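Computed from heavy atoms alone, side chains included, the values below leave out hydrogens, waters and symmetry copies. Everything numeric in this text was worked out from a predicted model, so none of it was measured.
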Amino acid sequence: MAAKNKGMKATITVAMSNYLEAGAIVAGAGGLTLWVEYLQLTDMWVGLLGALSANGFGAAIGALLGGYFVDRYGRKFIYKYDLLLYMIGMLFIIFAFNFPMLLIGYIVVGIAVGALIPAAWTYIAEEAPPKERAARVGWSQFAWSIGPAITLFLSVALAPLGLLGSRLIFAQLFVVAIITWILQQQINESTIWEEEQQKEKVIRAAGKQVQKGSMKDLFTVKANVKALVFLVGIYLFWNLVAGTMGYFMPYIYETVGGLTAAQANLLQGVLWTFTVISTYIVFIRLGDKVNRKLLFGIGSVMGIVAWMILTFGGMGIVELILFVTLWGIAAGFGAQAFYALFASELFHTKYRAQAQGFMFFAVRIGVGLISLVVPAMITGIGFQAAGIIMIVFLVISLIIGITMAPETRGRSLESIQDERYGKSA
């Protein structure tokens with residue numbers, strides 16, 4: 001029991017990385033119109049902020065670097081330094097008085113949180129008991145969801161303060177980062193990673209050469225290529241929608257739906273609250289017990305229906321309530337939760353984090369590119385046309401998921417690895 005409690009403590013400590021990333025994205029989204037007004041930002045500058053932030057290119061670069069370092073130097077390595085970089089970026093944002101300061105802060109924070117994500121998902125999955133892996137990974141999704149919920153409700157509460165309220169929201173993320181950094185210094189290294197290092201030492205002692213996992217392996221080893229196609233397929237197309245929502249949804253509610261900033265943030269806060277609840281009730285409680293392909297399919301269909309309502313039904317109060325309810329619940333056991341789980345299960349230990357880093361890089365590059373054009377796209381072709389594009393992305397993710405999702409419930413990472421790569425690997 002003591003070991004289990006210690007494991008859960010480490011899981012929650014590491015999962016706080018997700019809180020800090022999602023919180024940073026939504027803090028930027030919640031105060032976006034305030035920064036637009038304060039700095040007189042054009043559509044191009046707004047798009048640039050979204051593209052280079054924790055929601056786009058910044059996180060992409062961080063994930064690529066983080067995945068490499070985590071596989072080379074250990075899962076715990078990244079926790080020594082990364083949140084210090086995050087806090088520096090937050091200070092730039094908190095005290096920004098011009099666009100360059102704000103942009104630098106967004107980029108630095110983006111790189112920092114991008115580096116944390118492959119480390120967090122890898123560590124949690126490697127330390128989880130085989131029959132609790134979905135539940136443990138689910139806590140990272142839970143933290144990812146509760147970050148935006150808290151941030152958005154704070155945005156509503158602090159709305160009377162204007163831009164000062166937005167600065168205070170970033171300040172609370174700075175404080176949480178300090179606490180999380182202190183706690184993360186106390187966790188142990190991943191047992192599976194340490195065992196892999198011991199195996200390599202034995203091989204070297206026998207005079208044989210150890211082949212480290214490389215980026216090239218991701219594209220030349222058949223098991224890796226198959227996993228990449230599946231995981232990038234479900235996560236990229238889903239995240240083109242979710243990433244757009246994470247940063248631009250309050251902006252869309254205000255510019256298209258005519259809501260105030262407080263109303264928009266309140267609506268998104270309710271959406272994320274549904275996600276928190278469904279993450280616990282569905283993914284954490286059922287992810288190790290119910291057929292995962294079935295759960296994935298249900299969540300994907302709910303997300304598609306939600307966007308159809310918003311796209312073709314307008315933004316009246318009924319449509320908005322249906323949208324936030326359906327999407328909020330679906331996101332709790334949607335593509336991201338299953339991506340985090342499968343991405344940790346389907347790759348060999350020696351490049352598990354590198355693979356996640358590359359995939360997160362690819363996905364966030366995609367989100368960064370679409371973020372560059374979202375404001376102009378809504379202005380140019382209208383929200384309904386943009387909504388149809390989002391629906392198409394979600395349908396593609398659904399088809400790939402229900403076609404290729406594996407059944408790995410209750411199996412150890414070692415047994416999955418042996419089946420996919422052979423024991424000689």
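The shortest side-chain heavy-atom distance between Gln141 and Asn18 does not fall under the 4.5 Å cut-off. At least one side-chain heavy atom of Thr275 sits under 4.5 Å from a side-chain heavy atom of Thr279. The shortest side-chain heavy-atom distance between Ile117 and Gln356 does not fall under the 4.5 Å cut-off. Leu83 is listed as a side-chain neighbour of Leu116, based on a closest heavy-atom distance under 4.5 Å. Taking the side chain as every heavy atom from C-beta outward, Thr311 and Met390 never approach each other to under 4.5 Å. Taking the side chain as every heavy atom from C-beta outward, Trp193 and Tyr73 never approach each other to under 4.5 Å. Counting heavy atoms from C-beta on, the side chains of Ile178 and Met87 come closer than 4.5 Å. Side-chain contact between Ile12 and Tyr19 is absent, with no heavy atoms from C-beta onward closer than 4.5 Å.
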Pair Arg411-Glu345, salt bridge (charged side-chain N to carboxylate O under 4.0 Å, His left out): steps then yes or no: CA-CA 9 Å; Arg411 299 179 58 189; Glu345 292 182 332; over 6 Å; no

Could you go through the side chain to side chain donor-acceptor pair (under 3.5 Å) check for Ser17 and Gln184 one step at a time? CA-CA 10 Å; Ser17 303; Gln184 288 180 348; 3.3 Å; yes

Mind running salt bridge (charged side-chain N to carboxylate O under 4.0 Å, His left out) on Glu189 and Arg75 for me, showing each step along the way? CA-CA 6 Å; Glu189 181 55 86; Arg75 312 324 192 194; 5.4 Å; no

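Both cation-pi conditions hold for Arg167 and Tyr38: the charged atom is under 6.0 angstrom from the six-membered ring centre and inside a 45 degree cone around its axis.
Between the OG1 atom of Thr122 and the CG atom of Asp71 there is a distance of 7.0 Å, given to the nearest 0.5 Å. One finds the CG atom of Asn239 at 5.5 Å from the CZ atom of Arg364 (value rounded to the nearest 0.5 Å). In this structure, the separation between OG1 on Thr325 and CG on Leu320 is 10.5 Å, given to the nearest 0.5 Å.
In terms of the ring-ring contact (aromatic ring centres under 6.0 Å, His included) criterion, residue partners of Phe219 (sequence neighbours excluded) are, by chain and number, Phe358. In terms of the ring-ring contact (aromatic ring centres under 6.0 Å, His included) criterion, residue partners of Phe142 (sequence neighbours excluded) are, by chain and number, Trp139.
The aromatic rings of Tyr351 and His348 are tilted relative to each other, their planes meeting at an angle between 30° and 60°. Ring orientation note: the planes of Tyr339 and Trp121 are nearly perpendicular, at an angle over 60° on the 30°/60° scale. Taking the six-membered ring for Trp and thresholds of 30 and 60 degrees, Tyr81 and Phe77 have ring planes more than 60 degrees apart, a perpendicular arrangement.
Minimum heavy-atom separation, Ile187 to Thr13: CG2-CG2, 4.2 Å. Gly410 and Lys131 get closest at one heavy-atom pair: CA-CG, 4.1 Å.
Taking the six-membered ring for Trp and the full ring otherwise, the centers of Trp238 and Phe393 sit at least 6.0 Å from each other. Between Phe338 and Phe283, the distance from one ring center to the other falls under 6.0 angstrom. Within the 6.0 Å centre-distance limit, the rings of Trp307 and Phe323 are counted as a close aromatic pair.
In the model, Arg133 has no side-chain atom that pairs as donor or acceptor with a side-chain atom of Thr408 under 3.5 Å. Side-chain contact check for Glu126 and Ser344: no donor-acceptor pair (N or O, by modelled atom type) lies under 3.5 Å.
Ser300 contributes no side-chain N or O that, together with a main-chain N or O of Leu398, makes up a donor-acceptor pair within less than 3.5 Å.
Enclosure of atom OH in Tyr280 is not indicated, since only 12 or fewer non-hydrogen atoms of other residues, nucleotides or ligands lie within 6.0 angstrom.
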